[in-house]
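Worksheet for the structure shown next.
A quick note: this is a predicted structure, and the numbers were derived from the prediction, not measured. Residue numbers count from 1 along this sequence.
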Amino acid sequence: MAIDSSAAPPASPEQIEQFKQRCAAAAAALVEDHMRVGLGTGSTVAHLLPQLAHRQLPNIRCVATSPHTAEQAGRLGLRICTLEEVHGHLDIAIDGADQIDEDGWLIKGAGAAHTREKIVAAASSRFIVIVSAEKLVRRLSPPVPLELLSFGISATLEALSPAKLRSVPLSPDGNLIADHLGEIDDPARLAHRLSSTPGVVEHGLFAPTMVSEIIVGCEGGVRRLPGGSRRGAR
């Protein structure tokens with residue numbers, strides 16, 4: 001999958017909010033009654049939730065990737081379940097991204113929910129990514145979010161260098177949040193390095209093979225970009 005990042009013109013904050021609204025509406029339209037739906041975390045998903053609630057699908061069951069999303073969705077009347085309650089499988093998951101490069105690699109985790117987001121994405125038959133146009137980039141740039149075990153954290157950070165802990169609360173699963181700050185010359189190689197480092201629970205690089213479709217909110221409407229094969233996705 002090749003993505004043309006040049007198609008993302010500069011936009012004002014007001015336009016970006018409109019773009020988010022457009023891609024969220026397009027994604028909400030993909031959800032059908034009786035589906036098991038994964039809900040991501042972040043500002044674009046915040047536009048998705050009311051769109052989904054407005055459709056009044058009484059039999060959908062939703063798995064949220066963060067307590068914040070679960071709270072928002074519950075207030076809107078969406079039924080929230082655990083992944084175990086839907087037997088570990090979702091029909092569709094919808095989430096945003098912080099960056100998408102021209103080969104379809106994603107960075108996620110600015111909100112520190114990337115571990116649960118990756119689990120939910122991997123458990124879904126279709127993983128739909130919704131972004132406003134400015135998230136399309138030629139090349140990924142740091143930071144890459146990390147979730148780390150507290151045990152041996154000094155050794156883990158040294159092995160991940162350059163990396164730095166964030167001054168934020170622990171993850172919902174009780175782990176530390178950090179960022180890898182090195183340049184991203186080869187996302188696949190970096191993803192392998194991060195995954196192979198003891199103490200790393202999960203990182204925020206998502207391979208193109210995880211993605212079924214990217215819906216981009218942009219000037220004049222939305223663009224739909226195909227994802228890669230899900231075979232071998234992590």
Side-chain angles (χ1 to χ4, degrees), residues 13-86 88-100 106-132 134-135 145 147 166 168-175 177 202 204 206 210-217 222:
E14 292 77 14
Q15 287 176 310
I16 290 172
E17 290 305 303
Q18 291 176 356
F19 296 168
K20 291 179 180 180
Q21 186 79 12
R22 289 168 183 168
C23 64
L30 299 176
V31 178
E32 300 175 2
D33 204 13
H34 297 281
M35 276 188 170
R36 296 158 292 181
V37 183
L39 301 175
T41 297
S43 61
T44 309
V45 170
H47 288 279
L48 169 72
L49 300 180
Q51 297 272 4
L52 192 55
H54 181 71
R55 296 203 57 212
Q56 298 184 334
L57 303 172
N59 299 300
I60 64 170
R61 291 176 290 169
C62 301
V63 175
T65 55
S66 69
H68 182 66
T69 295
E71 180 182 356
Q72 286 184 305
R75 286 202 305 264
L76 291 165
L78 295 170
R79 179 183 173 189
I80 298 298
C81 303
T82 66
L83 193 55
E84 288 70 27
E85 288 172 328
V86 295
H89 179 73
L90 299 165
D91 299 295
I92 191 170
I94 304 170
D95 204 351
D98 304 315
Q99 300 177 51
I100 305 177
L106 279 59
I107 289 182
K108 293 178 49 56
H114 48 284
T115 298
R116 292 189 179 191
E117 289 171 341
K118 192 171 284 189
I119 291 170
V120 163
S124 65
S125 294
R126 297 173 67 194
F127 178 39
I128 308 298
V129 177
I130 53 175
V131 292
S132 46
E134 85 284 355
K135 298 298 180 71
E147 184 166 341
R166 286 191 209 170
V168 297
L170 297 177
S171 77
D173 301 295
N175 298 308
I177 301 299
E202 194 50 85
F206 284 55
M210 297 196 75
V211 180
S212 302
E213 184 179 13
I214 300 168
I215 303 178
V216 183
V222 297

Report task. Evaluate side-chain contact (heavy atoms from CB on, under 4.5 Å) for Asp173 paired with Arg116, printing each intermediate quantity in order. Result -> CA-CA 9 Å; Asp173 301 295; Arg116 292 189 179 191; 3.0 Å; yes

Query - Distance (rounded to the nearest 0.5 Å) between Met35 CE and Leu90 CG - result: 11.0 Å

Query raised in the report: Atom CZ in Phe127, atom CD in Glu117: separation rounded to 0.5 Å?
Result: 7.5 Å

Query raised in the report: Between His89 and Ser125, is any pair of side-chain heavy atoms under 4.5 Å apart?
Result: yes

Query raised in the report: With side chains defined as the heavy atoms from C-beta onward, is the minimum distance between Val120 and Leu39 less than 4.5 Å?
Result: no

Query - Whether Arg55 side chain and Ala28 backbone form a donor-acceptor pair below 3.5 Å - result: yes

Query - Reported CG-to-CZ distance for the pair Asp91 and Arg61, which is rounded to 0.5 angstrom - result: 9.0 Å

Query raised in the report: Taking all non-hydrogen atoms of both residues, which atom of Ile80 and which atom of Ala70 are closest, and how far apart?
Result: CG1-O, 4.0 Å

Query - Least distance between heavy atoms, Cys81 atom then Val86 atom - result: CB-CG1, 4.4 Å

Requested in this report: State, yes or no, whether a side-chain contact exists between Lys118 and Met210 at a heavy-atom distance under 4.5 Å.
Outcome: yes

Query raised in the report: Which atom names give the shortest non-hydrogen contact between Ala110 and Asp98, and what distance separates them?
Result: N-OD2, 3.1 Å

Query raised in the report: Would you say the side chain of Ile119 lies within less than 4.5 Å of the side chain of Glu202, judging by non-hydrogen atoms?
Result: no

Report summary line: Here the gap from Leu49 atom CG to Glu71 atom CD, rounded to the nearest 0.5 Å, amounts to 11.5 Å

Report task. Report the C-alpha separation of Gln21 and Gln51 in whole Å, then their side-chain angles, then the decisive distance to 0.1 Å, and conclude whether the side-chain contact (heavy atoms from CB on, under 4.5 Å) test is met. Result -> CA-CA 9 Å; Gln21 186 79 12; Gln51 297 272 4; 2.7 Å; yes

Report task. Could you check Ile92 against Ser124 for side-chain contact (heavy atoms from CB on, under 4.5 Å), going step by step and ending with a plain yes or no? Result -> CA-CA 5 Å; Ile92 191 170; Ser124 65; 5.9 Å; no

Query raised in the report: Do the side chain of Thr69 and the main chain of Gly40 share a donor and acceptor less than 3.5 angstrom apart?
Result: yes

Requested in this report: Check step by step if side-chain contact (heavy atoms from CB on, under 4.5 Å) holds for Lys108 and Val129.
Outcome: CA-CA 11 Å; Lys108 293 178 49 56; Val129 177; 5.9 Å; no

Query - Side-chain heavy-atom pair Ile94, Val31 within 4.5 angstrom cut-off - result: yes

Query raised in the report: Backbone N or O of Glu147 within a donor-acceptor pair of the His114 side chain at under 3.5 Å?
Result: yes

Query raised in the report: Looking at Ser66 and Ala113, what are the two nearest heavy atoms and their distance?
Result: CB-CB, 4.3 Å

Query raised in the report: How many angstroms lie between CG in Leu52 and CG in Leu57, if you round to the nearest 0.5 Å?
Result: 6.5 Å

Query raised in the report: Is Ser171 close to Thr115 at the side-chain level, that is, under 4.5 Å between some pair of heavy atoms?
Result: no

Query raised in the report: Any side-chain heavy-atom pair from Val45 and Gln72 closer than 4.5 angstrom?
Result: no

Report task. Identify the two heavy atoms, one from Leu76 and one from Ala53, that lie closest to each other, and give their separation to 0.1 Å. Result -> O-CB, 3.7 Å

Query raised in the report: From Ile107 CD1 over to Gln99 CD, what is the distance, rounded to the nearest 0.5 angstrom?
Result: 4.0 Å

Query raised in the report: Hey, does Asp33 have a side-chain heavy atom less than 4.5 Å from the side chain of Pro58?
Result: yes

Query - Heavy-atom closest pair, residues Leu30 and Arg126 - result: CD1-NH2, 4.0 Å

